[in-house]
Each structure stands twice: as structure tokens, then as C-alpha cells.
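Quick note on labels: first sequence line is chain A, next is B, and so on, each numbered from 1.
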Protein chains: 2
Amino acid sequence: MNFEAITIKDIATALGLSVSTVSKALSDSYEISEKTKKIVIEYAEEHNYRPNPIAKSLKQGNSKSIGIVVSTIDNQFFSQVINGIESIAYSKGYNVIITQTHESFELEALNVKHLTYRSVDGILISLSTETSDVEHLKSLHKKGLPIVFFDRISEEINTHKVIADNFNGAFEGTQHLLDSGYKRIAHITSSPDISITRERLKGYTKALEDRGIAFNEDYVKYCMHGGRDLDEIKSALNDLLTIENRPDAIFTASDRITTTTLLLLQQMKVKIPDEIALLGFTNTQLADALNPSLSTIYQPGFEIGKNAIEMLISIIESKRPVTEFETRVLPTQLYIRNSSSPAKRD
Amino acid sequence: MNFEAITIKDIATALGLSVSTVSKALSDSYEISEKTKKIVIEYAEEHNYRPNPIAKSLKQGNSKSIGIVVSTIDNQFFSQVINGIESIAYSKGYNVIITQTHESFELEALNVKHLTYRSVDGILISLSTETSDVEHLKSLHKKGLPIVFFDRISEEINTHKVIADNFNGAFEGTQHLLDSGYKRIAHITSSPDISITRERLKGYTKALEDRGIAFNEDYVKYCMHGGRDLDEIKSALNDLLTIENRPDAIFTASDRITTTTLLLLQQMKVKIPDEIALLGFTNTQLADALNPSLSTIYQPGFEIGKNAIEMLISIIESKRPVTEFETRVLPTQLYIRNSSSPAKRD
DNA sequence: CTGAAAGCGCTAACAA
DNA sequence: TTGTTAGCGCTTTCAG
């Protein structure tokens with residue numbers, strides 16, 4: 001966008017100064033007299049001078065931009081995370097390039113590659129459901145690219161990480177179902193390859209264990225595409241509904257799986273919560289308006305985003321190599337609504 | 001991200017060639033022998049050479065990035081639009097910077113300014129609810145910055161535009177309500193300053209007119225903040241519900257207003273559609289799962305995004321100044337569900 | 001306090 | 001067919 005842009009050179013010639021003087025004056029250098037500074041700055045403002053960030057980047061070797069990799073922005077949780085990221089990034093002079101993996105490993109690798117082509121100063125990433133191998137990130141990380149993981153993290157790379165308290169969220173959710181009298185609690189979740197699946201499964205298992213309920217493998221269904229595929233949720237549900245000792249409650253582990261399960265159960269005319277209760281992770285704002293209103297485990301998306309970008313910027317702007325890393329765990333919130341409370345129905 | 005990056009210069013010295021030879025070889029110039037090309041390209045691949053896009057941008061005066069301005073990405077319609085934009089942009093080598101106005105004029109102006117600082121090659125914008133003055137865009141447009149409007153457009157700037165068929169969507173929606181036997185149809189909409197409000201209002205009015213129903217000003221409520229403010233929708237609803245000749249149906253004009261209206265009516269224990277029917281513009285995927293399932297007017301968000309970016313790129317890459325502009329109007333889709341069909345309830 | 005000049009990585013006009 | 005060189009806009013030594 002260099003349409004009619006005025007440059008330092010223009011100012012210099014107009015004022016009969018050298019480019020370096022103008023450059024220094026503009027950056028308020030001690031080497032320049034107040035008088036000259038004033039002249040330069042006034043002229044610059046009058047002529048609407050804007051420094052060219054590309055030239056600056058080239059010189060300084062950074063781009064003041066960071067890359068975000070998520071599965072889809074078309075998801076309340078991630079758009080909240082992105083809002084959190086942007087709220088900090090812009091105020092610190094960074095801009096943000098958002099890319100989507102659509103849960104594909106291939107797309108994830110491609111996006112990361114593109115981001116490095118784009119010379120981003122760092123990457124914020126939540127892994128795709130398909131990703132089990134993180135070699136594409138490891139090599140970049142080794143070369144010095146700052147990376148911060150959030151949501152779906154990798155243990156194989158030692159860097160800052162931010163997650164919701166998935167274990168506890170799942171634990172409390174399952175506990176609530178047990179407290180409400182449900183005994184045969186099924187679990188529909190994503191690929192076991194990603195961190196959140198494992199953490200949430202642990203919380204679920206622990207809650208059962210605490211009540212002396214045996215873990216039943218048939219009650220756990222994995223959707224390898226994170227619920228993008230309607231069919232995988234459908235078949236999981238079919239399995240669960242036709243199984244011997246059919247479950248009386250379902251605990252779902254991700255935004256899309258939760259809402260899709262509700263939709264499918266409705267289509268199947270299965271009464272919630274009478275025939276089967278439902279509770280799941282989701283950040284939808286419509287939980288109250290659903291039929292029935294949906295019991296949810298809410299993740300602090302905005303806060304996760306804020307934390308992640310702060311940590312990333314701290315790495316980027318650190319003078320010396322960062323070697324001490326931290327994993328921040330933010331609490332989830334349990335909202336009990338009608339889909340899991342037989343007593344509360346109206 | 002210039003960590004250990006290899007440059008053209010490195011290749012040149014390693015191979016005993018000049019930088020220009022390498023540069024030309026890499027871009028497959030006719031001036032370079034096949035033999036040299038092969039050597040250069042092989043070396044480049046072996047050493048994982050990546051051109052520095054910043055240097056290229058500086059030289060070529062473009063940034064291969066475009067800016068998007070929307071109210072919030074945390075909105076199904078806009079995230080679908082963005083998906084459409086990205087689907088084309090990336091394949092054409094552009095990357096995308098997303099900014100949000102949160103319906104504030106000030107933020108919109110600021111974002112646009114930031115985008116120009118960032119040297120974007122063009123801007124895709126849907127105006128904020130607060131925006132009636134488009135001087136901030138006009139001046140940039142005059143200077144030659146390619147701009148394409150979508151969704152909420154401005155008549156004051158002559159450029160490409162993409163919108164849903166708001167008039168017809170509203171017309172069909174209102175007609176459907178009339179066909180279903182509703183006679184006193186209220187309309188809750190955004191600020192009258194934005195294009196979509198006017199277009200949808202016209203469709204609503206026309207449908208009434210066609211049936212010989214007088215337009216009742218008291219039935220139309222404007223939410224100046226596009227429904228971001230819960231209170232403005234609340235007070236609109238209170239007015240409508242306490243009015244003489246209380247409406248028997250509400251037609252809502254935007255995503256947020258539609259879903260919030262449903263939530264509020266539920267809270268107020270107003271039976272939908274028995275006491276009041278509801279139909280509105282929204283792209284939520286959960287319409288079927290709501291209580292009651294929600295009749296909606298759906299905009300082709302993905303297609304709107306695709307069209308907008310294609311038009312923008314055509315301006316950016318046009319050799320000569322573009323003077324002929326086009327406004328594309330894409331059809332909406334009406335989904336009739338229970339919130340507007342007394343007969344269909346179950 | 002101010003200016004000349006080099007250079008960030010790349011492209012392209014021109015020379016050889 | 002290959003090389004030399006200038007320059008994109010800016011920062012930053014180093015001289016003056």
C-alpha cells in the first residue's frame with residue numbers, strides 16, 4: 001500500500017536534512033537538537049508520514065507479527081481464544097495471522113510452513129486432532145522459533161503452554177452426573193492422540209473410580225476427526241444406544257461433539273435427560289436456549305488466549321534465550337442446566 | 001523469523017555465482033541456463049532455502065496481505081465469511097489479517113489505520129453498526145487503496161460490493177410469517193445507519209404492504225449497538241410485549257439480535273410460537289437444537305467471503321485502474337422451523 | 001549535533 | 001548466459 005506514501009527521504013529533501021537526521025529525529029534520539037526534532041515531527045505530521053513497517057522489519061529482522069494455528073475459528077472456544085490473543089497483541093504492536101487446520105495434520109504442517117515463510121516472530125498453536133507427530137514443530141523450535149502451545153499441547157516440545165484444567169473439568173462434570181443419580185455414564189471424545197482427550201478421560205475415570213464404579217471400555221467412544229464427521233458421532237451414538245446396559249448419561253469432550261450429540265439425540269427422538277442425560281465441554285453462548293438447556297463445562301477461552309500471547313511475547317522479546325518454561329492451567333466452570341438434571345426439568 | 005535462514009547471497013557465494021544469477025535461476029528466468037538453474041535449485045532445496053517475503057515486499061511495493069474488518073469473529077456469519085476469504089486468499093499467496101470493530105466506529109477507524117500501517121494490499125470491510133461517516137475509508141480509497149465492501153456496505157464509496165439479498169430474505173421471511181397467520185409482526189433490527197438494516201426493513205415493509213397491512217412504527221425497534229448491549233434488546237422486547245395490540249410475531253434482523261431475543265423470551269417465560277412467533281437472520285448451526293427450533297434466514301457467508309476476496313484480488317492485480325464496479329447479490333435461504341409454525345409444533 | 005554511507009534480502013535494468 | 005550495480009525505506013555505525 002505505498003500509494004502516495006511519504007518517506008523519510010521525502011522529508012529529508014523537503015527540509016534540507018539528511019535521512020539519518022530525520023530518522024533519528026523521528027525516533028526522538030538524543031543526538032538531535034530539540035529544534036530540529038520539532039521541525040521534522042511537525043512536517044511529518046502535517047504530511048501524514050507513516051513509517052513503512054516492511055522496511056523496518058527487513059532492517060530489524062523481525063516482522064512484529066505472530067501466527068495462530070487453530071482447528072477452526074468457526075467455534076466459540078477458539079474465537080474467544082483469538083479475541084483474547086488480539087486484545088493483547090495489538091496493544092503491543094503485533095499483528096496476528098490466523099490459520100485453520102480443519103483438524104488435518106497436513107494442513108497444520110502447511111500452515112506452519114506458510115507462517116514461517118511469512119516471517120512471523122512466533123507461533124501460537126493448538127494441535128489438530130490428527131497430529132501425533134510434531135516433528136514439523138520440533139525442528140522449527142530447535143532453530144529458535146518461539147512457540148507457545150494452548151489447548152491441545154504436545155509434551156514432546158519444551159516450551160510455555162496454557163490449558164484449561166481439563167482433568168478437573170471432566171472430573172467435576174462426571175461427579176455431577178453421578179451426584180444426579182446417573183450410574184452408567186458414557187464418554188464421547190476426540191482422538192486419543194491429543195492431550196485434551198487424555199486429560200479429560202482421566203478426569204472422567206477418576207470420578208468413576210472415586211465412587212467405586214468400574215471403568216467400562218464400551219462406554220468410551222473416540223471420534224478420530226474431533227466430530228467434524230457427522231457420521232463418526234452418529235455411529236458412536238448408535239453403538240451407545242444399542243449396547244447392553246445402555247448408558248443413562250453421556251459426557252462429551254468437545255464443543256462440536258457436544259452440540260452435535262444434542263442435535264442427533266433430538267433427531268433420534270431420544271428424550272434428554274429422561275432417557276439419557278447430556279453434559280459436555282462447550283463454550284456456546286446458546287446453552288441456555290437449547291432444548292433442553294444444556295449442561296456445560298466452560299473453558300476460559302479469552303483468558304487462555306491472553307495468557308498464551310503474553311507468554312509468547314515474553315519469549316520473543318526476551319534478551320537472552322528462554323530456558324525455563326511454564327504450563328499455566330486455568331480453571332473451567334461447570335454450568336448445570338436441564339440436560340443433566342432430571343429434577344430441574346420444567 | 002530469520003533464525004539461521006539461508007539467503008540468496010549464501011547460495012551465490014557457496015556456488016561461486018552472483019546474487020542476480022541465483023535470483024533469476026530461482027525464479028526460472030529464461031536468461032539462465034538449465035544447467036545453472038538445476039544446480040541452484042538443488043542447492044536451495046538441500047539447504048532449505050526460503051525467500052524472505054519481507055525483502056520481496058519491500059522491493060516490490062506490495063505485502064501480499066489483505067486486511068479484513070468485521071464486527072466480531074465470534075459470530076457464525078462472519079466466521080463463515082472469513083473461511084470463504086481464506087479459502088481463496090491462501091491459494092493465491094495472500095495472507096489475511098483479521099481485525100474486529102466490536103461495533104465501534106472508533107475501533108473501526110483505528111483498525112483501518114493499523115492495516116494501512118501494516119501495508120496491506122487491500123481491505124475487505126463490513127462496517128460497524130456505529131459507522132455512518134466513511135471519511136476514513138474515502139480518503140484511503142481516493143489514494144488508491146483497493147477496498148471491497150461486504151455485508152454492511154456504503155453507498156458513498158464506489159467500489160466492488162458483495163451482499164446477501166437482504167431485501168428478499170426479509171421479504172420472504174415476513175411473507176412466511178404472514179402466511180402462517182401472524183398479523184402483527186414486529187421487527188427488531190440494528191442501527192438504521194447501516195445498509196443491511198435499511199434493506200431488511202424494506203423487505204419487511206414490502207411484504208406487509210403486499211398484504212395491505214399498514215406499517216406500524218411502534219412495531220419497529222432499533223438496537224443502536226447491533227445487539228451487543230443486552231439491555232437494548234431487553235427494552236425493545238419490553239416495549240413490544242407491553243404495547244397495545246401486542247405483536248404476535250417478531251422478525252429479527254441480525255445474528256446476535258435473533259439468538260438473544262430467543263434467550264430473553266425464554267427467560268421471560270413467553271411461549272414461542274404460541275404467544276409470540278420468532279424468525280430471524282442468523283447463521284447459527286444450532287437452530288435445530290434450540291427451544292423451540294428456530295426459524296431462520298440464512299446468508300451464504302462462505303460464498304460472500306469467496307466473492308469478496310476474488311473481487312479484491314482482481315482490483316489489486318489489475319494492471320490498469322479499475323473504474324467499473326459491481327455489486328454482487330447472493331440469495332438467502334429461509335428455513336422454517338417451529339418458532340414460527342404453530343402447526344408444526346410437537 | 002548532523003551527515004555520509006553501509007546494509008537488511010531481494011529484484012531488475014544494464015553491462016559484459 | 002552471467003555479472004554488476006542500484007535501490008526499495010529504514011536503521012545504525014562512524015565521521016565530521
Atom pair distance, as rounded to whole Å: [atom1] in [X] and [atom2] in [N]:
X: B:D28; N: D:dT1; atom1: CG; atom2: C1'; result: 14 Å
X: A:I54; N: C:dT11; atom1: CD1; atom2: P; result: 14 Å
X: B:L26; N: C:dC10; atom1: CG; atom2: P; result: 9 Å
X: A:I6; N: D:dC8; atom1: CD1; atom2: P; result: 15 Å
X: A:R50; N: D:dC8; atom1: CZ; atom2: C1'; result: 21 Å
X: A:I8; N: C:dT2; atom1: CD1; atom2: C1'; result: 15 Å
X: A:K64; N: D:dG9; atom1: NZ; atom2: P; result: 22 Å
X: A:I32; N: C:dT2; atom1: CD1; atom2: P; result: 5 Å

Look at all strands and tell whether [X] reaches a base, only sugar-phosphate, or nothing, counting heavy atoms closer than 4.0 Å.
X: A:T7; result: sugar-phosphate
X: B:S23; result: base
X: B:K56; result: sugar-phosphate

task = Could you tell me whether A:K38 and A:E34 make a salt bridge, using a distance below 4.0 angstrom between a side-chain N and a carboxylate O?
result =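 Salt bridge flag = no for A:E34 with A:K38.
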message = The side chain of B:A55 is closest to which nucleotide in this list: D:dT2, C:dC10, C:dC1?
response =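 The answer is C:dC10, which lies nearest to the side chain.
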task = With the side chain of A:K9 defined as its heavy atoms from C-beta on, choose the nearest nucleotide among C:dG3, D:dC8, C:dT11.
result =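 Side chain of A:K9 sits closest to D:dC8.
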query = For B:R328, what residues pass the salt bridge (Lys or Arg N to Asp or Glu O under 4.0 Å) criterion, not counting sequence neighbours?
reply =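 For B:R328 the salt bridge (Lys or Arg N to Asp or Glu O under 4.0 Å) partners, ignoring immediate neighbours, are B:E326.
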key: Donor on one side chain, acceptor on other, A:D121 and A:S63, under 3.5 Å   =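 A:D121 vs A:S63: donor-acceptor pair found between side chains.
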query = Is A:S18 near enough to C:dG3 that one of its side-chain N or O atoms lies under 4.0 angstrom from OP1 or OP2?
reply =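 So the side chain of A:S18 is within the cut-off, an N or O lying under 4.0 Å from OP1 or OP2 of C:dG3.
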key: Phosphate-side-chain proximity, B:Y49 and C:dC10, N/O vs OP1/OP2 below 4.0 Å   =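 True: B:Y49 side-chain N/O within range (under 4.0 Å) of C:dC10 OP1/OP2.
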Taking N or O atoms only and anything under 3.5 Å, show me the protein contacts with nucleotides 13-16 of chain D, one pair per line.
from   : atom 1 : to    : atom 2 : distance (Å)
D:dT13 : O4     : A:K24 : NZ     : 3.4

Listed partners of [X] passing ring pair (Phe, Tyr, Trp, His ring centres under 6.0 Å), at least two apart:
X: B:F325; value: B:H160
X: A:Y94; value: none
X: B:Y43; value: B:H47

Could you list the residues that satisfy side chain to side chain contact (heavy atoms under 4.5 Å, CB included) with [X], not counting sequence neighbours?
X: B:S27; value: none
X: B:K138; value: B:E135, B:E156, B:I157
X: B:S91; value: none

Most 5' of B:P53 and A:V22 on DNA chain C, judged by nearest nucleotide =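 Here A:V22 is the residue nearer the 5' end.
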ask   = What pairs of residues pass the salt bridge (charged side-chain N to carboxylate O under 4.0 Å, His left out) test when at least one of them lies in residues 8-31 of chain B, not counting sequence neighbours?
value =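 Qualifying pairs, neighbours excluded: B:K24-B:E31, B:D28-B:K37.
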key: Check: B:K59 side chain, D:dG7 base, donor-acceptor under 3.5 Å   =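 By the distance-only test, yes, there is a pair.
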ask   = Want to settle it: does B:E34 or A:P51 sit nearer the 5' end of DNA chain D, counting the closest nucleotide to each?
value =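 Result of the comparison: B:E34.
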ask   = Which residue lies toward the 5' end of DNA chain D, A:T21 or B:Q60, if each is placed at its nearest nucleotide?
value =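 Looking at the nearest nucleotide for each, B:Q60 comes out on the 5' side.
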query = Quick check: does any side chain N or O of A:S195 sit under 3.5 Å from a backbone N or O of A:I153, one acting as donor and the other as acceptor?
reply =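 Side chain of A:S195 to backbone of A:I153, a donor-acceptor pair under 3.5 Å: yes, one is there.
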query = Do any N or O atoms from the side chain of B:S318 and from the backbone of B:I315 form a donor-acceptor pair under 3.5 angstrom?
reply =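 Looks like no, no N/O pair under 3.5 Å.
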Cut-off 3.5 Å, no hydrogens considered: what does the side-chain donor-acceptor table look like for residues 99-108 of chain B, sequence neighbours left out?
from   : atom 1 : to     : atom 2 : distance (Å)
B:T99  : OG1    : B:I68  : O      : 3.0
B:Q100 : OE1    : B:I73  : N      : 3.0
B:Q100 : NE2    : A:N83  : OD1    : 2.3
B:Q100 : NE2    : A:E86  : OE1    : 2.9
B:T101 : OG1    : B:E103 : N      : 3.0
B:E103 : OE1    : B:T129 : N      : 2.9
B:E103 : OE1    : B:T129 : OG1    : 2.4
B:E103 : OE1    : B:R152 : NH1    : 2.9
B:E103 : OE2    : B:T129 : OG1    : 3.3
B:E103 : OE2    : B:R152 : NH1    : 3.4
B:E103 : OE2    : B:R152 : NH2    : 3.1
B:S104 : OG     : B:E106 : N      : 3.2
B:S104 : OG     : B:L107 : N      : 2.9
B:E108 : OE1    : B:S128 : N      : 2.7
B:E108 : OE1    : B:T131 : OG1    : 2.9
B:E108 : OE2    : B:T131 : OG1    : 3.3
B:E108 : OE2    : B:H136 : NE2    : 2.8

ask   = Quick one: bend of the helix from C:dC1-D:dG16 to C:dA16-D:dT1 from 5 pairs per end, to 10°?
value =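 Comparing the first five pairs with the last five, the axes sit 50° apart.
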request  = Under 4.0 Å from any atom of DNA chain C, heavy atoms only: list the residues of residues 35-46 of chain A that qualify, in numerical order.
outcome  =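 Per residue number, the list reads A:T36.
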